[in-house]
Amino acid sequence: MPTANDPRTIAALYNISSLLGKTEDASAALHAILAEISAYFDASSGSIALLNPDSGRLEIEVQQGLPDDSKESALRLGQGITGWVAFHGRPQLVPDVTTDPRYVSIRAAVRCEMAAPMIDDHGLTFGVINVDSDTLAAFAPASLEQLVLFTAEASAVMQRLWQLYQLKGKARQLETLITIGQSLVTKLEQQELFETVTRETCKIIQGRACALYLYDPARKTVRLAALYSPAASGEPGRTTSGEHARTTTAFTSHAGPHQSDDLPLDSCLVASAFATRKQVEFANIQSPEFLDVIDLPRDPQLHSVLVTPMLVEGDALGALAIFTGHIHRFNNDEKRLAAALASLATVALQNARLYSRVFLSEESLRKNEQLTTLGLLAAEIAHEIRNPLTVIKLLFGALGLEFAESDPRRTDERLIREKLDQLEAIVTRVLNFAKAPASLHSRWSVTDIVTDTLMLVRLKVAQGKIQLRFDPPPRPAIVDVQKGQLQQVLLNLVLNSTQAMPDGGTITVRCEGDGHHVFIDVADTGTGIPAELHERVFDSFLSGRPGGTGLGLAIAKRIMLSHGGDIALVSTSPAGTTMRLTLPLAKN
């Protein structure tokens, strides 16, 4: 028998180790390793069995000279010579298998067998290499030593190939995660977001199905928001147009949850993830103990599930559940990937909800602006009516009309006086209503007002690829204002700036002071205001864009004047526009 330094042994070791540079296919490498070892020992048959982490059994991955159905057999740890070697992590040589009670026959002609464990860098057995001979005592103890040598080299090669495969897989997953993240932040419609999350999660983790549940802590209920499975349409691994609708229908029949159902939390499997705020997994949801769980899809092909909570500062918004079509133990990489996807989904959901609130706030501001406009218009009309009404009252009183008690014109004269007084009272009420009561004014920090205002529009400007910058005043600046009205002015300026930058840009808000006043500059990098509008930019009903009312800056001007301040156009050009708000500082 050749020794470790024998040229034939060295050649065999080289052929095994060189597989690292020849192939990245683990299956091809295993076939080549078995062929090399079988040829070296002139074996009648041989196999390489790997430990399945899900089932805990040894399954033949590649074989040579064994029956075609041998791959269907699986051994428990300790069962057969192969199972014994895997369980104890020690090689075995059996000169006559017919005398060994451990032997499990796969091919009747086998008389001699030797096996060596494949051990990883951590000392754990992950497989066994077997070689057989139809001749009694065909292998000597030195043969077993050679097999151990070849198996150690084969183990190192396979570990490196699997590591390379895993690294490439992780690189692909990272690229996919980045793509998914970029895609999710653009989803502002929540149902579209849920469907995208479940679809992409199912693909990247290669599950049979993926579900997203929303949690209502106030009502203690769970709702199925989306469910996806590429296998439900009968085309495993493929995704076709409209498939989500088909798979959702297939999974949410009368026996399973519907997307409109609010399910009681204490009857749902995902409740454990909400209670622990941690990932939970279940090996086989087809077991009898899961029959009463009402949030599971009623698909008999679903077995294992990993549930990952969607958390925001420790509070659960929902959960992402990944189902497999076989009993499966989720490894750490899969759990980390699921956690990353759940985090992306959480951020995207928060983004969509905040964006929805921004639009509601903007709509509310538009309505407030319309009401303000109507109020100012009513005040202008009332002001214009009051002057001629005063003249009419004076002239009518100066006429000295005195009629007898019995004269019907005396009644007419009284009614005219009453109606003139009534008109004056109406005009006075309108004028008083249009004024901002001084009681609504309070002391505010300019920094707080600007910060709160920019928070309202940050998602809108981010959607428009616009950057927001705020340079607060070097010293605290306190003003006596009506906060809502000042925010309305700032919002109007910021929204005008966003409309001037359809392709993105920068909005900068700077605050400075001179000891008596604070100056708030809002500058953008937009296209500027047309030259013909410079002098009339604060006129009512003057607009430089289609669909504009022309009232925003006019209202802003009046609000600033009513606060003892002003608004002015500092500069404008094709490179951008700067508007300045001036407010008196509050007195100590």
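None of the values given here were measured: they were computed from a predicted structure. Scope of the values below: all heavy atoms of this structure, side chains included, with no hydrogens, waters or symmetry mates.
- One distance of note links OG of S571 with NE2 of H534; it measures 9.5 Å at 0.5 Å rounding.
- Screening L306, T346, L212, L344 against L320 for a side-chain contact (heavy atoms from CB on, under 4.5 Å) leaves a single residue, L212.
- V481 and W444 make their closest contact through O-CD1, 3.8 Å (heavy atoms, listed as atom of the first residue, atom of the second, distance).
- Proximity of a side-chain donor or acceptor of D216 to a complementary backbone N or O of T221 within less than 3.5 Å is not detected.
- You'll find the side chain of L341 stays beyond 4.5 Å of the side chain of V197, heavy atoms only.
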* To do: Go through the steps to decide whether T577 and T527 satisfy the test side-chain contact (heavy atoms from CB on, under 4.5 Å), and finish with yes or no.
  => CA-CA 8 Å; T577 298; T527 55; over 6 Å; no
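- Crowding of D292 atom CG: a count of heavy atoms from other residues, nucleotides or ligands under 6.0 Å not exceeding 12.
- Contact of the E413 side chain with the I416 side chain is not registered, since no non-hydrogen atoms from C-beta on lie closer than 4.5 Å.
- Interatomic distance, L490 CG to Q487 CD, rounded to the nearest 0.5 Å: 7.5 Å.
- The shortest heavy-atom contact between V450 and C511 is CG2-SG, 4.5 Å.
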* Asked: For F323 and C202, what are the C-alpha separation, side-chain angles and deciding distance, and is it a side-chain contact (heavy atoms from CB on, under 4.5 Å)?
  -> CA-CA 8 Å; F323 300 88; C202 197; over 6 Å; no
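- When side chains are defined from C-beta on, L454 counts as touching V494, because their heavy atoms get closer than 4.5 Å.
- Formation of a donor-acceptor pair under 3.5 Å by the H516 side chain with backbone atoms of P584 is not found in this model.
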* To do: Would you please test V509 and T453 for side-chain contact (heavy atoms from CB on, under 4.5 Å) and show each step?
  => CA-CA 11 Å; V509 181; T453 305; over 6 Å; no
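- No hydrogens or angles considered: a donor-acceptor pair under 3.5 Å links the side chains of D524 and S497.
- Residues A342 and P309 share a closest heavy-atom pair of CB-O, 4.1 Å.
- Counting heavy atoms from C-beta outward, L486 and H563 have side chains that stay 4.5 Å or more apart.
- Atom-to-atom distance recorded for I507:CD1 and M501:CE is 4.0 Å, nearest 0.5 angstrom.
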* Asked: Please walk me through it: do V461 and Q467 pass side-chain contact (heavy atoms from CB on, under 4.5 Å)?
  -> CA-CA 7 Å; V461 297; Q467 293 185 336; over 6 Å; no
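- The number of heavy-atom neighbours closer than 6.0 Å to CD of E532, taken from other residues, nucleotides and ligands shown, is above 12.
- Each of L224, I294, V307, L296 was compared with C268 under the side-chain contact (heavy atoms from CB on, under 4.5 Å) criterion, and only I294 meets it.
- Listed for the T201 side chain is no donor-acceptor partner under 3.5 Å among the backbone atoms of T198.
- Heavy-atom contacts from other residues, nucleotides or ligands closer than 6.0 Å to CZ of R469 number 12 or fewer.
- Here the side chain of T572 pairs a donor or acceptor atom with the backbone of I529 at under 3.5 angstrom.
- In this structure, D262 pairs ionically with R219, as a charged nitrogen and a carboxylate oxygen lie closer than 4.0 Å.
- Side-chain contact between L317 and Y215: absent, with no pair of heavy atoms (C-beta onward) separated by less than 4.5 Å.
- Between the side chain of T447 and the main chain of P472, no donor-acceptor pair closer than 3.5 Å is present.
- Going from atom CG of L553 over to atom CZ of R558 covers 12.0 Å, rounded to the nearest 0.5 Å.
- Remark: K483 engages D452 in a salt bridge, criterion side-chain N to carboxylate O under 4.0 Å.
- Atom CD of E281 has more than 12 neighbouring heavy atoms from other residues, nucleotides or ligands inside a 6.0 Å radius.
- Of all non-hydrogen atoms in F330 and K335, the two that sit nearest each other are O-CE, 3.5 Å.
- A pairwise comparison of heavy atoms in T308 and A339 identifies CG2-CA, 3.8 Å as the closest pair.
- Atom CZ of F470 and atom OG1 of T451 lie 4.5 Å apart (nearest 0.5 Å).
- At a threshold of 4.5 Å between non-hydrogen side-chain atoms, the residues I559 and Q482 do not count as touching.
- Here the shortest heavy-atom pairing between G504 and I466 reads CA-CG1, 3.9 Å.
- R580 has no carboxylate O lying under 4.0 Å from a charged side-chain N of D566, or vice versa, which leaves the two without a salt bridge.
- Looking only at side-chain heavy atoms (C-beta outward), M579 and I567 come within less than 4.5 Å of each other.
- With contacts defined as side-chain heavy-atom distances shorter than 4.5 Å, the pair P297/L302 qualifies.
- A side-chain donor-acceptor contact under 3.5 Å links T498 to the backbone of L495.
- With rounding to the nearest 0.5 angstrom, the CD atom of Q485 is 5.5 Å from the OG atom of S562.
- Remark: side-chain polar atoms of H517 are not paired, donor with acceptor, to backbone N or O of G513 under 3.5 angstrom.
- Counting only distance, with no hydrogens or angles, the side chain of Q191 and the backbone of A226 share no donor-acceptor pair below 3.5 Å.
- Listed for the R443 side chain is a donor-acceptor partner under 3.5 Å among the backbone atoms of K587.
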